[in-house]
Engineer: 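Here you go, one structure.
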Amino acid sequence: MPSLNLRLQFRQKRQQLSTAQQHQASEQVLDTCLQQLHLQQTNTIACYLANDGEIDPRCIIEYCWQHQKRVLLPVLHPFSKGHLAFVEYHPNSVMVANQYGIKEPVITSRNICPLADIDLIMTPLVAFDAAGNRLGMGGGYYDRSLATIKRDKLNTQLIGLAHTCQQASSLETNHWDIPLHGIATPTQFFKT
(Lines give C-alpha, C1' and ligand atoms only; values in the text may rest on other atoms or scores of the structure.)
Protein backbone atom coordinates (compact mmCIF):
# COMPACT_ATOMS: atom_id res chain seq x y z
CA MET A 1 0.00 0.00 0.00
CA PRO A 2 1.50 3.38 -0.95
CA SER A 3 2.49 5.56 2.03
CA LEU A 4 0.05 8.29 0.94
CA ASN A 5 -2.87 5.85 1.24
CA LEU A 6 -1.41 4.44 4.44
CA ARG A 7 -1.12 7.94 5.92
CA LEU A 8 -4.71 8.70 5.01
CA GLN A 9 -5.96 5.44 6.50
CA PHE A 10 -4.21 5.92 9.84
CA ARG A 11 -5.01 9.64 10.05
CA GLN A 12 -8.69 8.78 9.61
CA LYS A 13 -8.47 6.19 12.39
CA ARG A 14 -7.11 8.68 14.91
CA GLN A 15 -9.47 11.45 13.75
CA GLN A 16 -12.48 9.19 14.37
CA LEU A 17 -11.73 8.93 18.09
CA SER A 18 -14.23 10.84 20.23
CA THR A 19 -13.23 13.71 22.52
CA ALA A 20 -13.74 11.39 25.51
CA GLN A 21 -11.52 8.71 23.93
CA GLN A 22 -8.85 11.32 23.16
CA HIS A 23 -8.89 12.63 26.75
CA GLN A 24 -8.71 9.12 28.22
CA ALA A 25 -5.83 8.23 25.88
CA SER A 26 -3.94 11.36 26.98
CA GLU A 27 -4.22 10.33 30.64
CA GLN A 28 -3.32 6.71 29.94
CA VAL A 29 -0.26 7.50 27.82
CA LEU A 30 1.09 9.50 30.79
CA ASP A 31 0.70 6.35 32.93
CA THR A 32 2.54 4.29 30.30
CA CYS A 33 5.37 6.84 30.21
CA LEU A 34 5.64 7.01 34.00
CA GLN A 35 5.92 3.21 34.20
CA GLN A 36 8.31 2.72 31.28
CA LEU A 37 10.39 5.85 30.71
CA HIS A 38 11.55 6.91 34.18
CA LEU A 39 10.13 10.39 33.68
CA GLN A 40 10.97 11.10 37.30
CA GLN A 41 14.71 11.06 36.45
CA THR A 42 14.36 12.99 33.19
CA ASN A 43 15.04 16.73 33.28
CA THR A 44 14.56 18.10 29.76
CA ILE A 45 11.68 16.76 27.68
CA ALA A 46 10.60 17.82 24.20
CA CYS A 47 6.95 17.20 23.41
CA TYR A 48 4.48 18.62 20.90
CA LEU A 49 0.98 20.10 20.80
CA ALA A 50 -1.56 17.66 19.38
CA ASN A 51 -2.95 18.31 15.93
CA ASP A 52 -5.10 16.35 13.46
CA GLY A 53 -6.15 13.65 15.97
CA GLU A 54 -2.64 12.97 17.31
CA ILE A 55 -2.52 11.60 20.83
CA ASP A 56 -2.45 14.61 23.12
CA PRO A 57 0.63 14.80 25.39
CA ARG A 58 -1.00 17.57 27.48
CA CYS A 59 -1.06 15.35 30.61
CA ILE A 60 2.66 14.59 30.14
CA ILE A 61 3.43 18.31 29.75
CA GLU A 62 1.43 19.19 32.87
CA TYR A 63 3.16 16.43 34.84
CA CYS A 64 6.54 17.82 33.75
CA TRP A 65 5.60 21.36 34.76
CA GLN A 66 4.36 20.13 38.16
CA HIS A 67 7.70 18.39 38.73
CA GLN A 68 9.88 21.34 37.60
CA LYS A 69 11.08 19.69 34.42
CA ARG A 70 12.14 21.70 31.41
CA VAL A 71 9.55 21.30 28.64
CA LEU A 72 10.33 22.05 25.00
CA LEU A 73 8.20 22.19 21.87
CA PRO A 74 9.30 21.85 18.25
CA VAL A 75 9.30 25.07 16.23
CA LEU A 76 9.82 25.37 12.49
CA HIS A 77 13.43 26.50 12.31
CA PRO A 78 13.59 30.12 11.09
CA PHE A 79 17.00 29.78 9.36
CA SER A 80 17.23 26.10 8.41
CA LYS A 81 14.35 25.27 6.07
CA GLY A 82 12.77 21.88 6.69
CA HIS A 83 14.24 21.56 10.19
CA LEU A 84 12.89 21.94 13.71
CA ALA A 85 14.33 23.84 16.63
CA PHE A 86 13.35 22.92 20.18
CA VAL A 87 12.19 25.83 22.30
CA GLU A 88 11.27 26.15 25.97
CA TYR A 89 7.55 26.02 26.67
CA HIS A 90 5.86 27.40 29.80
CA PRO A 91 2.20 27.92 30.71
CA ASN A 92 2.65 31.63 29.89
CA SER A 93 4.70 31.23 26.68
CA VAL A 94 3.78 33.61 23.88
CA MET A 95 2.45 31.40 21.07
CA VAL A 96 2.08 31.98 17.33
CA ALA A 97 0.64 29.81 14.57
CA ASN A 98 3.18 28.44 12.11
CA GLN A 99 2.58 27.96 8.37
CA TYR A 100 0.59 24.77 9.11
CA GLY A 101 -1.63 26.49 11.68
CA ILE A 102 0.07 24.72 14.60
CA LYS A 103 0.76 26.86 17.67
CA GLU A 104 4.40 27.12 18.71
CA PRO A 105 6.33 29.30 21.17
CA VAL A 106 8.00 32.40 19.81
CA ILE A 107 11.68 31.52 19.29
CA THR A 108 14.41 33.69 20.79
CA SER A 109 18.13 33.29 21.34
CA ARG A 110 17.42 32.61 25.04
CA ASN A 111 14.77 29.89 24.78
CA ILE A 112 16.23 27.58 22.13
CA CYS A 113 17.74 24.30 23.37
CA PRO A 114 20.51 22.29 21.65
CA LEU A 115 19.69 18.66 20.87
CA ALA A 116 22.56 17.49 23.07
CA ASP A 117 20.78 18.98 26.11
CA ILE A 118 17.50 17.12 25.55
CA ASP A 119 17.02 13.91 27.53
CA LEU A 120 13.82 12.76 25.87
CA ILE A 121 12.04 13.74 22.65
CA MET A 122 8.45 12.61 22.25
CA THR A 123 7.30 12.68 18.64
CA PRO A 124 3.87 12.51 17.10
CA LEU A 125 3.30 9.99 14.34
CA VAL A 126 0.71 8.77 11.87
CA ALA A 127 1.53 5.05 12.18
CA PHE A 128 4.15 2.84 13.81
CA ASP A 129 5.19 -0.78 13.93
CA ALA A 130 6.56 -2.88 16.77
CA ALA A 131 10.11 -2.53 15.37
CA GLY A 132 10.06 1.21 16.16
CA ASN A 133 9.51 2.45 12.64
CA ARG A 134 7.53 5.68 12.45
CA LEU A 135 5.39 7.02 9.65
CA GLY A 136 5.08 10.78 10.01
CA MET A 137 3.07 13.33 8.09
CA GLY A 138 5.55 13.20 5.20
CA GLY A 139 7.39 16.50 5.60
CA GLY A 140 10.58 14.92 6.99
CA TYR A 141 11.00 17.58 9.69
CA TYR A 142 11.78 15.16 12.52
CA ASP A 143 14.05 12.94 10.40
CA ARG A 144 16.15 15.90 9.20
CA SER A 145 16.25 17.52 12.63
CA LEU A 146 17.13 14.36 14.53
CA ALA A 147 19.69 12.99 12.07
CA THR A 148 22.53 14.13 14.34
CA ILE A 149 21.21 11.92 17.14
CA LYS A 150 21.82 8.88 14.97
CA ARG A 151 25.12 10.18 13.62
CA ASP A 152 26.56 11.51 16.86
CA LYS A 153 24.98 8.89 19.13
CA LEU A 154 23.68 11.43 21.61
CA ASN A 155 22.00 10.07 24.74
CA THR A 156 18.68 11.56 23.73
CA GLN A 157 15.83 9.05 23.83
CA LEU A 158 13.35 9.22 20.94
CA ILE A 159 9.88 8.02 21.85
CA GLY A 160 6.81 8.09 19.64
CA LEU A 161 3.39 8.68 21.16
CA ALA A 162 0.42 7.02 19.49
CA HIS A 163 -3.08 5.73 19.86
CA THR A 164 -3.29 1.94 19.85
CA CYS A 165 -5.23 2.09 16.56
CA GLN A 166 -2.15 3.57 14.84
CA GLN A 167 -0.14 0.33 14.94
CA ALA A 168 0.66 -1.18 11.55
CA SER A 169 1.91 -4.72 11.05
CA SER A 170 5.06 -3.37 9.41
CA LEU A 171 6.21 -0.16 7.76
CA GLU A 172 8.65 0.34 4.92
CA THR A 173 11.65 2.44 5.84
CA ASN A 174 14.06 4.66 3.97
CA HIS A 175 17.73 5.22 4.72
CA TRP A 176 16.96 8.70 6.09
CA ASP A 177 14.28 7.52 8.54
CA ILE A 178 15.32 7.92 12.16
CA PRO A 179 14.19 4.88 14.18
CA LEU A 180 12.63 5.44 17.58
CA HIS A 181 13.83 3.91 20.82
CA GLY A 182 10.24 3.08 21.70
CA ILE A 183 6.58 3.84 21.21
CA ALA A 184 4.20 4.62 24.06
CA THR A 185 0.50 3.99 23.60
CA PRO A 186 -2.27 4.25 26.21
CA THR A 187 -2.05 0.50 26.85
CA GLN A 188 1.46 -0.61 25.95
CA PHE A 189 5.11 0.35 25.50
CA PHE A 190 7.08 -1.02 22.57
CA LYS A 191 10.82 -0.91 23.28
CA THR A 192 12.89 -1.15 20.12
Side-chain angles (χ1 to χ4, degrees), residues 3-4 6-27 29-30 33 44-66 69-115 117-128 134-149 156 158-163 165-166 176-178 180 183-184:
S3 62
L4 186 61
L6 193 63
R7 276 191 184 90
L8 181 60
Q9 174 190 346
F10 280 99
R11 285 178 66 200
Q12 287 173 340
K13 283 184 179 187
R14 70 184 190 192
Q15 290 167 351
Q16 291 170 352
L17 296 171
S18 69
T19 302
Q21 289 171 313
Q22 285 278 8
H23 182 71
Q24 183 178 20
S26 179
E27 291 176 344
V29 82
L30 169 62
C33 290
T44 303
I45 299 170
C47 237
Y48 61 91
L49 298 182
N51 182 51
D52 190 51
E54 294 166 343
I55 194 160
D56 192 344
R58 179 178 3 161
C59 291
I60 295 169
I61 291 169
E62 290 173 4
Y63 170 87
C64 291
W65 284 339
Q66 290 168 5
K69 297 183 184 302
R70 187 177 183 198
V71 177
L72 310 169
L73 288 181
V75 171
L76 297 181
H77 202 291
F79 308 118
S80 187
K81 186 173 172 63
H83 287 77
L84 299 171
F86 291 91
V87 173
E88 288 189 46
Y89 177 52
H90 305 281
N92 60 349
S93 290
V94 177
M95 306 292 283
V96 295
N98 67 22
Q99 67 190 45
Y100 301 106
I102 300 169
K103 296 278 189 181
E104 55 185 36
V106 173
I107 189 170
T108 70
S109 60
R110 291 184 307 243
N111 67 0
I112 195 166
C113 181
L115 277 178
D117 293 349
I118 305 174
D119 300 315
L120 174 63
I121 298 176
M122 296 184 169
T123 70
L125 49 87
V126 173
F128 72 94
R134 169 189 178 274
L135 179 67
M137 290 293 283
Y141 286 93
Y142 276 95
D143 290 322
R144 279 189 294 277
S145 303
L146 302 177
T148 57
I149 289 176
T156 305
L158 303 177
I159 303 297
L161 299 182
H163 295 286
C165 66
Q166 291 176 258
W176 61 79
D177 290 333
I178 304 299
L180 301 172
I183 294 101

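Because only heavy atoms are used, hydrogens play no part in the values below, and waters and symmetry mates are left out as well, while side chains stay in.
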Engineer: Measuring only between side-chain heavy atoms, which start at C-beta, is Glu88 closer than 4.5 Å to Arg110?
Structural biologist: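 Side chain of Glu88 against side chain of Arg110, heavy atoms only: no contact under 4.5 Å found.
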Engineer: In Å, rounded to the nearest 0.5 Å, how long is the span from CZ of Arg11 to CG of Leu135?
Structural biologist: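 Interatomic distance, Arg11 CZ to Leu135 CG, rounded to 0.5 Å: 10.5 Å.
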Engineer: State whether Tyr141 and Arg144 meet the cation-pi test: NZ (Lys) or CZ (Arg) under 6.0 Å from the six-membered ring centroid, and within 45° of the perpendicular axis.
Structural biologist: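 Yes, a cation-pi geometry holds between Arg144 and Tyr141.
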Engineer: Please check: side-chain N/O of Thr44 versus main-chain N/O of Ile118, any donor-acceptor pairing under 3.5 Å?
Structural biologist: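 Answer holds: no.
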Engineer: In Å, rounded to the nearest 0.5 Å, how long is the span from NE2 of His23 to CD of Glu27?
Structural biologist: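 Going from the NE2 atom of His23 to the CD atom of Glu27 covers 3.5 Å.
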Engineer: Below 30° counts as parallel, above 60° as perpendicular, anything between as tilted: where do the rings of Tyr89 and Trp65 land?
Structural biologist: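 The arrangement is tilted - the two ring planes meet at 30° to 60°.
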Engineer: Looking at side-chain heavy atoms only, is the closest gap between Ile159 and Leu120 below 4.5 Å?
Structural biologist: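 Yes - at least one pair of side-chain heavy atoms lies under 4.5 Å apart.
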Engineer: Without swapping roles, check the side chain of His163 against the backbone of Gly53 for a donor-acceptor pair under 3.5 Å.
Structural biologist: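 Yes, because the side chain of His163 sits within donor-acceptor range (under 3.5 Å) of the backbone of Gly53.
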Engineer: How far does CD of Glu54 sit from CD of Gln166, to the nearest 0.5 angstrom?
Structural biologist: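 Spacing of CD (Glu54) from CD (Gln166) equals 8.0 Å.
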Engineer: Are Ile102 and Tyr48 packed together at the side-chain level, in the sense that at least one heavy-atom pair is separated by less than 4.5 angstrom?
Structural biologist: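 They are not in contact (no side-chain heavy atoms under 4.5 Å apart), so the answer is no.
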Engineer: Is there side-chain contact between Leu115 and Ile121, with at least one heavy-atom pair below 4.5 Å?
Structural biologist: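 In contact.
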Engineer: Is it the case that the side chains of Thr19 and Gln22 hold a donor-acceptor pair, with the cut-off being a distance below 3.5 Å and no angle test?
Structural biologist: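 No.
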Engineer: Does a side-chain heavy-atom distance below 4.5 Å link Val75 with Asn98?
Structural biologist: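 Side chain of Val75 against side chain of Asn98, heavy atoms only: no contact under 4.5 Å found.
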Engineer: Kindly indicate, with the supporting measurements, whether the criterion side-chain contact (heavy atoms from CB on, under 4.5 Å) is fulfilled by Tyr142 and Ile178.
Structural biologist: CA-CA 8 Å; Tyr142 276 95; Ile178 304 299; over 6 Å; no
Engineer: Looking at every non-hydrogen atom in both residues, tell me the closest pair between Leu84 and Ser145 and how far apart they are.
Structural biologist: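 Taking every non-hydrogen atom into account, N-OG, 2.6 Å.
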Engineer: Side chains of Thr123 and Leu180, heavy atoms from C-beta outward: is any pair under 4.5 Å?
Structural biologist: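 Sidechains of Leu180 and Thr123: in contact.
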Engineer: Mind listing the closest non-hydrogen atom pair of Ser93 and Pro105 along with its distance?
Structural biologist: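 Smallest interatomic distance, heavy atoms only, reads CB-CB, 4.5 Å.
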Engineer: How long is the straight-line distance from CG of Leu30 back to SG of Cys64, given to the nearest 0.5 Å?
Structural biologist: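 So the gap between those two atoms works out to 8.5 Å.
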Engineer: For the backbone of Pro114 and the side chain of Asp117, can you confirm whether one donor and one acceptor N or O come within less than 3.5 Å of each other?
Structural biologist: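 Looks like no, no N/O pair under 3.5 Å.
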Engineer: Roughly how far apart are Leu146 CG and Thr156 OG1, rounded to 0.5 Å?
Structural biologist: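 Going from CG on Leu146 over to OG1 on Thr156, the span is 8.5 Å.
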Engineer: Search all heavy atoms of Tyr63 against all heavy atoms of Lys69 and return the closest pair with its distance.
Structural biologist: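 For Tyr63 versus Lys69, the nearest heavy atoms are CE2-CE, 4.2 Å.
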Engineer: Going by an N to O cut-off under 4.0 Å, is there a salt bridge joining Arg14 and Asp52?
Structural biologist: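 Counted as a salt bridge, because a side-chain N and a carboxylate O are separated by less than 4.0 Å.
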Engineer: Search all heavy atoms of Val29 against all heavy atoms of Leu161 and return the closest pair with its distance.
Structural biologist: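 Nearest heavy atoms, Val29 then Leu161: CG2-CD2, 4.1 Å.
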Engineer: Judged by atom type as modelled, is there a donor-acceptor pair below 3.5 Å linking the side chain of His83 to the main-chain atoms of Lys81?
Structural biologist: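 It does hold such a pair.
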Engineer: Evaluate the criterion side-chain contact (heavy atoms from CB on, under 4.5 Å) for residue pair Asn111 and Val87; output intermediate values, then yes/no.
Structural biologist: CA-CA 5 Å; Asn111 67 0; Val87 173; 3.2 Å; yes
Engineer: Checking His77 against Ser80: is there a side-chain donor and acceptor pair closer than 3.5 Å?
Structural biologist: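 No.
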Engineer: Which is it for Cys47 and Arg58 under the side-chain contact (heavy atoms from CB on, under 4.5 Å) test, yes or no, and what are the steps along the way?
Structural biologist: CA-CA 9 Å; Cys47 237; Arg58 179 178 3 161; over 6 Å; no
Engineer: Do Val71 and His90 come close enough that some side-chain heavy atom pair is under 4.5 Å?
Structural biologist: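 Not touching, per the 4.5 Å side-chain cut-off.
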Engineer: Working to the nearest 0.5 Å, report the span between SG of Cys165 and CD of Gln12.
Structural biologist: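 Going from the SG atom of Cys165 to the CD atom of Gln12 covers 11.5 Å.
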Engineer: Can you check side-chain contact (heavy atoms from CB on, under 4.5 Å) on Ile60 and Met122, steps first, answer last?
Structural biologist: CA-CA 10 Å; Ile60 295 169; Met122 296 184 169; 3.8 Å; yes
Engineer: Does any non-hydrogen side-chain atom of Met95 lie less than 4.5 Å from one of Leu49?
Structural biologist: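 Side-chain contact under 4.5 Å: yes.
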Engineer: What are the two closest non-hydrogen atoms of Gly160 and Leu125, and how far apart are they?
Structural biologist: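 Of all heavy-atom pairs spanning Gly160 and Leu125, the closest is CA-CD2, 3.8 Å.
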Engineer: Measure across Ile183 and Ala162 and return the closest heavy-atom pair with its distance rounded to 0.1 Å.
Structural biologist: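 The pair with the smallest heavy-atom distance is CG2-CB, 4.3 Å.
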Engineer: Take atom CD in Gln24; do more than 12 heavy atoms of anything else shown fall under 6.0 Å from it?
Structural biologist: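 Counting other residues, nucleotides and ligands, CD of Gln24 stays at 12 neighbours or fewer.
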